[in-house]
Amino acid sequence: MNHEQATPTAAYQPVNGRLLEVEDLHVEFHTRDGVARAINGVSFTLDAGETLAILGESGSGKSVTAQAIMGILDMPPAKIPAGAIRYCGQDLLTMPEEQRRKTRGPEISMIFQDALSSLNPVFPVGWQIAEMFRMHRGMNKSDAKEQALRLMQRVQIPAAKERINSYPHQFSGGMRQRIMIAMAIALDPAVLIADEPTTALDVTVQAQIMNLLHDLQEERQMGLILITHDLGVVADVADRIAVMYAGRLVEKADILPIYAHPAHPYTKGLLDSIPRLDQKGQTLRAIAGLPPNLLRIPEGCAFNPRCYLAQDVCHRDLPSLREVAPGRWSACHFAEEVLDV
Amino acid sequence: MGTYIVRRLLQMIPVVIGATFIIFVMVFALPGDPLAGKCGERPCPAAYVQKFTEEHNLNDPVPIRYVKYMGAIAKGDFGTTYQGQKVSDELLRRYPITVRLSVIAIVFELVLGVVAGVLAGIRRGKFIDNLVLVSTLVIIAIPTFVIGSVSQTLFGIKLGWVKPTVSSAATWSELMLPGMVLGAISLAYVARLTRTNLVENLRADYVRTAIAKGLTRRRTIGLHTLRNSLIPVVTFVGADFGALLGGAIITERIFNIQGVGGYIVRGITAHDGVAVVGAVTILVLVYLFMNLIVDLLYGVLDPRISHD
């Protein structure tokens, strides 16, 4: 394989290996019914070669976070009233749009959940990959196509040479997601965001895609943000995990301790709701209730209506994300109790 | 693809036979004696009556006459009108005029319609969008004869920019204004269709991907979105071209254009069945071929549609 390591181009050099810093990010959507506060002060970092999993239910703000980093939110209706997203020390949010556009692809790249609708139906897949090289590197058509072919081979598309001129609908779901991945890694980005990359796929194919992403991440030392609602998917590949609820981080930790001892009732609920082979025949323990309406997030802790530990203080005070044990961050008034269980 | 075309061509045979038979029967079922007034005040001489009757197969039952007529058409003979005029001569003279008029209308509606639609679509909810929506609504609401007469009076007579009527030569420049009048209503539909599809496609996932790929706004809209949005527009315009080639009765009448539309109207009012059936047979064929081309074009524009 002929590719450079994922060292950002001269203009962007990571500071002490730190690629991305999201600081106190807020995103709101201005709708007819009012202001939906999708993200309410989210902070996290991402280093080179690191995989961060962002976990949450639908509506928790995980995808919106990804889209805010990528700069593909529709504004309006979306608005970012506060916060910073620094890539290699430079704030993407205050950067001129043209400069920011040029970071999409070579610096930060993204793959989406549904590869069929995310690929353009009327252009051949090879053309869509080659477009990255033509538009960002000024390559001519045949050189760019050559590069596209190499990428298709790298992501293990069988008979890539014969299939380079095929259209997205002529591929299976797994193969389409490989094409999305090939397109996203084309320019050796330093940061790759994968927004539920395996949700639309069969279980067997899910594992293949996760392995491919993991291999590519190690090979290129990319910073990988893996957005998912499925704890099972991320266990083997993620280094760290951030759990989101109602637009806030509720727990942040290394991957292993969180599985053994969650420090937030919500994370605990998520872990309990995973079907387990050794508990066959028992009722699945789902978290009672529904995620809050983002137009009317409850006072205090947003999780309080669904929480088995909820006390008066939970209805009154918003718990801040605090370090409850070394490397363990939780936004729960009773994090210590949860940890001890 | 090849078998698809053959299958479609074979499907045309019953359609052509059915359509022409219905027209043939209806036209010749109209009351009236083609010999009436043929020889002035006097009744025609018996010998002439016999010759005329034989030439036009007037004594045969209608189905037999239809078979004989279609047999002649298959050999390229579109018949002779009761006035002794060859239908094919008249059609050959008039068809190029109708084609020129239709081409002007199509180019006008496609270019201006798409431009207006794109401008409205990318500035949704802004002034230009409202302007396009209101003006197209006005155009759709006004009948062609009003648009035609008003623009003829305004540009042809008051302002004197163009000649108010078209000469028998019907040159491209003379047909400009009539062509625009003819294409005006379809232009409004093209603009609205383009706008609606563009607005819808701008929300599509693949557009979000194009932005995430770091493409410029121009390329994201102008190539990735527009390429998809124009598929229904092209097929609409293709079908419209087929309809326009059937002649434009009102526009031809207003601007005195010698196209096929006027020919058919004259044939109907003159009870000249041969002229009507001959012309309509051609129109049916042209329309069917245009539809075939549109369907093939659809497959080319949208790779998801297969003609295998």
Side-chain angles (χ1 to χ4, degrees), chain A residues 63 66-67 69-77 97-125 127-137 165-170 176 179-180 183-184 186-187 189 192-193 195 200, chain B residues 1 114 118 121-127 129 193-194 197-238 294-308:
Chain A
S63 285
Q67 289 172 15
I69 296 170
M70 201 66 217
I72 53 172
L73 283 170
D74 268 335
M75 303 208 269
E97 176 51 33
E98 181 62 9
Q99 192 187 344
R100 188 169 193 200
R101 175 181 72 74
K102 288 178 178 159
T103 67
R104 296 186 194 119
E107 307 295 338
I108 307 175
S109 201
M110 185 161 174
I111 56 180
F112 300 94
Q113 176 179 340
D114 182 359
L116 179 59
S117 62
S118 298
L119 291 165
N120 197 320
V122 300
F123 296 114
V125 294
W127 185 95
Q128 296 191 46
I129 301 170
E131 191 179 27
M132 298 295 278
F133 296 102
R134 289 172 53 210
M135 294 303 128
H136 288 281
R137 299 261 166 91
N165 289 323
S166 299
Y167 292 90
H169 71 277
Q170 294 166 321
R176 278 196 288 264
I179 287 157
M180 275 299 311
M183 198 158 79
L187 304 175
L192 178 64
I193 305 169
D195 188 358
Chain B
M1 189 75 152
V114 167
V118 169
I122 60 178
R123 305 231 194 293
R124 191 159 67 100
K126 305 276 165 58
F127 172 75
D129 186 22
L193 199 59
T194 306
N197 277 290
L198 190 70
V199 166
E200 198 169 300
N201 282 317
L202 279 172
R203 281 196 293 259
D205 287 350
Y206 63 82
V207 173
R208 190 184 60 187
T209 307
I211 301 169
K213 282 169 87 174
L215 304 181
T216 56
R217 185 174 149 83
R218 173 185 284 264
R219 192 171 171 90
T220 301
I221 293 172
L223 187 69
H224 283 262
T225 318
L226 202 55
R227 176 68 174 69
N228 282 280
S229 307
L230 286 184
I231 295 170
V233 175
V234 168
T235 50
F236 170 82
V237 169
V294 166
D295 285 349
L296 293 177
L297 204 58
Y298 216 173
V300 173
L301 290 173
D302 190 343
R304 284 165 296 184
I305 291 168
S306 154
H307 290 314
D308 294 333

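Keep in mind that this is a model prediction, so the values were computed, not measured. The sequence lines fix the lettering, A, B, ..., with proteins before strands; numbering per chain opens at 1.
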Nearest 0.5 Å, what's the [atom1]-[atom2] distance between [X] and [Y]?
| X | Y | atom1 | atom2 | value |
| --- | --- | --- | --- | --- |
| B:Leu193 | B:Thr235 | CG | OG1 | 7.5 Å |
| A:Ser63 | A:Ile193 | OG | CD1 | 10.5 Å |
| A:Met180 | A:Leu116 | CE | CG | 11.5 Å |

Just so I understand: if I count every heavy-atom pair under 4.5 Å between each of [options] and chain B, which residue has the most?
| options | answer |
| --- | --- |
| A:Gln128, A:Glu131, A:Gln170, A:Arg100 | A:Glu131 |
| A:Met110, A:Met132, A:Lys102 | A:Met132 |
| A:Ile72, A:Ile108, A:Val122 | A:Val122 |
| A:Pro124, A:Ser117, A:Gly105 | A:Ser117 |

Less than 4.5 Å to any heavy atom of chain B: does that hold for the side chain of A:Gln67, its backbone, both, or neither?
side chain

Contact origin within A:Ser109 toward chain B - heavy atom pairs under 4.5 Å:
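Contact with chain B involves no heavy atom of A:Ser109 at all.
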
Okay, side chain of [X], backbone of [Y]: is any donor-acceptor separation there less than 3.5 Å?
| X | Y | value |
| --- | --- | --- |
| A:Arg101 | B:Gly214 | yes |
| A:Arg104 | A:Gly71 | yes |
| B:Arg227 | B:Leu301 | yes |

Taking a cut-off of under 4.5 angstrom between non-hydrogen atoms, the residues of residues 203-210 of chain B near chain A are B:Asp205, B:Tyr206, B:Arg208, B:Thr209

Does any backbone or side-chain atom of B:Leu223 lie under 4.5 Å from a heavy atom of chain A? Answer side chain, backbone, both or neither.
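Looking at B:Leu223, backbone and side chain both touch chain A.
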
For B:Ile231, which atoms come within 4.5 Å of any heavy atom of chain A: side chain, backbone, both, or neither?
side chain

Side chains of A:Ile179 and A:Pro168: closer than 4.5 Å at any heavy-atom pair?
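Side chain of A:Ile179 against side chain of A:Pro168, heavy atoms only: no contact under 4.5 Å found.
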
Do the non-hydrogen side-chain atoms of B:Ile221 and B:Leu226 ever get within less than 4.5 Å of each other?
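A side-chain contact is absent here, since even the closest heavy-atom pair is not under 4.5 Å.
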
When you look at CZ of B:Arg219, are more than 12 heavy atoms from neighbouring residues, nucleotides or ligands closer to it than 6.0 Å?
yes

